[in-house]
Each structure stands twice: as structure tokens, then as C-alpha cells.
*Asks:* 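This is the structure, below, for whatever I ask next.
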Amino acid sequence: QVQLVESGGGLVQPGGSLRLSCAASGRVHHITSMGWYRQAPGKQRDFIATLTSGGVTNYADAVKDRFTISGDKAKNTVFLQMNNLKPEDTAVYYCSAVATVNVEGATVHHWGQGTQVTVSS
């Protein structure tokens, strides 16, 4: 079992910045990667960025030059630094963690509760 709690969302003007945080608890030693997804009203949940336990990052094209994912292994926490925010970035942002659950390597995708990010003038 892994629990995830996001924080840092809010209202920001276009061109502004926010930093989201996600703290993991529970069986954190089974986590192989953590990441961020977002879901805008009326749309599906989309991939934003991931960070593996080995430090490898991956980004969606829509945010590659503006967002940065990082982590603090000692605190079991990942961050998402969001710069030059646009109205199209408005969404609920969800933290995720992939964890192994048995000796055969099966995995479970855990989700946080989400945090609202609104970009508006």
C-alpha cells in the first residue's frame, strides 16, 4: 500500500509559476517511479512527467520546455516546477506512483487525491 498527498495548487496569472509537491508514505521501498498527470474539465487524464527511482525523467511534449520534475528520495517526495503557465494548463493535477506488489514483478499504479491549478487573468 502506498499513499500519496499533493499540495501547492492554486490560482495564478498567465506567465506565472507554481511548484507542486507530492509526498509518498506506506510501502515506499516498492516504488519504481513517480509522476504527474492532469485532467481538464470534460477531458481525459493526460500524462505530464515521470521520474524513475534511477533518476530518469520523461515529459509530455506540451510541457517539456516549461515544467521540471524532481525528487527528494530521503523525504519520499516529488515536485513539479511549472513555469510560464498558460490558461490551457488549467486542470486538476494528480500525483502517481508505480510500485511492485509481488515477487513476479506485478505493478500497481497509485494515485493521489489531486490538486487544482487554475491559470487565469
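Source: prediction; values computed, not measured.
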*Asks:* Considering all heavy atoms of both residues, which atom of Val12 and which atom of Leu85 are nearest to each other, and what is their separation?
*Replies:* CG1-CD1, 3.5 Å
*Asks:* So Ser96 and His110, side-chain contact (heavy atoms from CB on, under 4.5 Å) or not? Walk me through it.
*Replies:* CA-CA 5 Å; Ser96 72; His110 299 274; over 6 Å; no
*Asks:* Using only atom types and a distance under 3.5 Å, with no angle test, would you say the side chain of Thr90 pairs donor to acceptor with the backbone of Val119?
*Replies:* yes
*Asks:* Apply side-chain hydrogen bond (donor to acceptor under 3.5 Å, both in side chains) to residues Asn58 and Thr50 and explain how you reach the verdict.
*Replies:* CA-CA 5 Å; Asn58 193 25; Thr50 52; 4.6 Å; no
*Asks:* Taking Thr77 for its side chain and Lys75 for its backbone only, find out whether a donor-acceptor pair lies under 3.5 Å.
*Replies:* yes
*Asks:* Do the non-hydrogen side-chain atoms of Met82 and Arg66 ever get within less than 4.5 Å of each other?
*Replies:* no
*Asks:* Using 4.0 Å as the upper bound for N to carboxylate O, is an ion pair formed by Lys64 and Asp61?
*Replies:* yes
*Asks:* Within a strict 4.5 Å, meaning less than it, do heavy atoms of the Leu18 and Asn83 side chains meet?
*Replies:* no
*Asks:* Report the hydrophobic cluster partners of Val92, with the cluster defined as I, L, V, M, F, W, Y residues connected by side-chain heavy atoms closer than 4.5 angstrom, directly or transitively.
*Replies:* Tyr37, Phe47, Tyr94, Trp111
*Asks:* Roughly how far, to the nearest 0.5 Å, is CZ of Arg27 from OG1 of Thr100?
*Replies:* 10.5 Å
*Asks:* Work out which heavy atom in Ser21 is nearest to a heavy atom in Trp36; give both atom names and the distance.
*Replies:* O-CH2, 3.6 Å
*Asks:* If you count every heavy atom of other residues, nucleotides or ligands that lies below 6.0 Å from Asp65 atom CG, does the total exceed 12?
*Replies:* no
*Asks:* If I take atom CD from residue Gln3 and atom SG from residue Cys95, how far apart are they, to the nearest 0.5 angstrom?
*Replies:* 12.0 Å
*Asks:* Any donor and acceptor pair, going by atom type alone, linking the side chain of Thr118 with main-chain N or O of Leu11 inside 3.5 Å?
*Replies:* no
*Asks:* Tell me, with the steps shown, if Gln113 and Glu6 meet side-chain hydrogen bond (donor to acceptor under 3.5 Å, both in side chains).
*Replies:* CA-CA 7 Å; Gln113 82 286 351; Glu6 303 103 328; 3.2 Å; yes
*Asks:* Apart from Val103 itself, what residues make up its hydrophobic cluster when side-chain heavy atoms of I, L, V, M, F, W and Y under 4.5 Å apart count as a link, directly or indirectly?
*Replies:* none
*Asks:* Taking all non-hydrogen atoms of both residues into account, name the closest pair between Asn84 and Ser17 and its distance.
*Replies:* N-OG, 4.2 Å
*Asks:* Do Ser120 and Pro87 come close enough that some side-chain heavy atom pair is under 4.5 Å?
*Replies:* no
*Asks:* Measure across Phe67 and Arg38 and return the closest heavy-atom pair with its distance rounded to 0.1 Å.
*Replies:* CE2-NH1, 4.1 Å
*Asks:* Considering non-hydrogen atoms only, spot the tightest contact between Ala97 and Ile31 and give its length.
*Replies:* CB-CD1, 4.2 Å
*Asks:* Do Ile48 and Tyr59 have side chains that approach each other closer than 4.5 Å (heavy atoms only, starting at C-beta)?
*Replies:* no
*Asks:* To the nearest 0.5 Å, how far apart are CG in Leu20 and OG in Ser7?
*Replies:* 8.0 Å
*Asks:* Would you check if Phe79 and Asp72 make a side-chain contact, meaning some heavy-atom pair closer than 4.5 Å?
*Replies:* yes
*Asks:* Which heavy-atom pair separates Ala24 from Met34 by the least distance, and what is that distance?
*Replies:* CB-CE, 4.0 Å
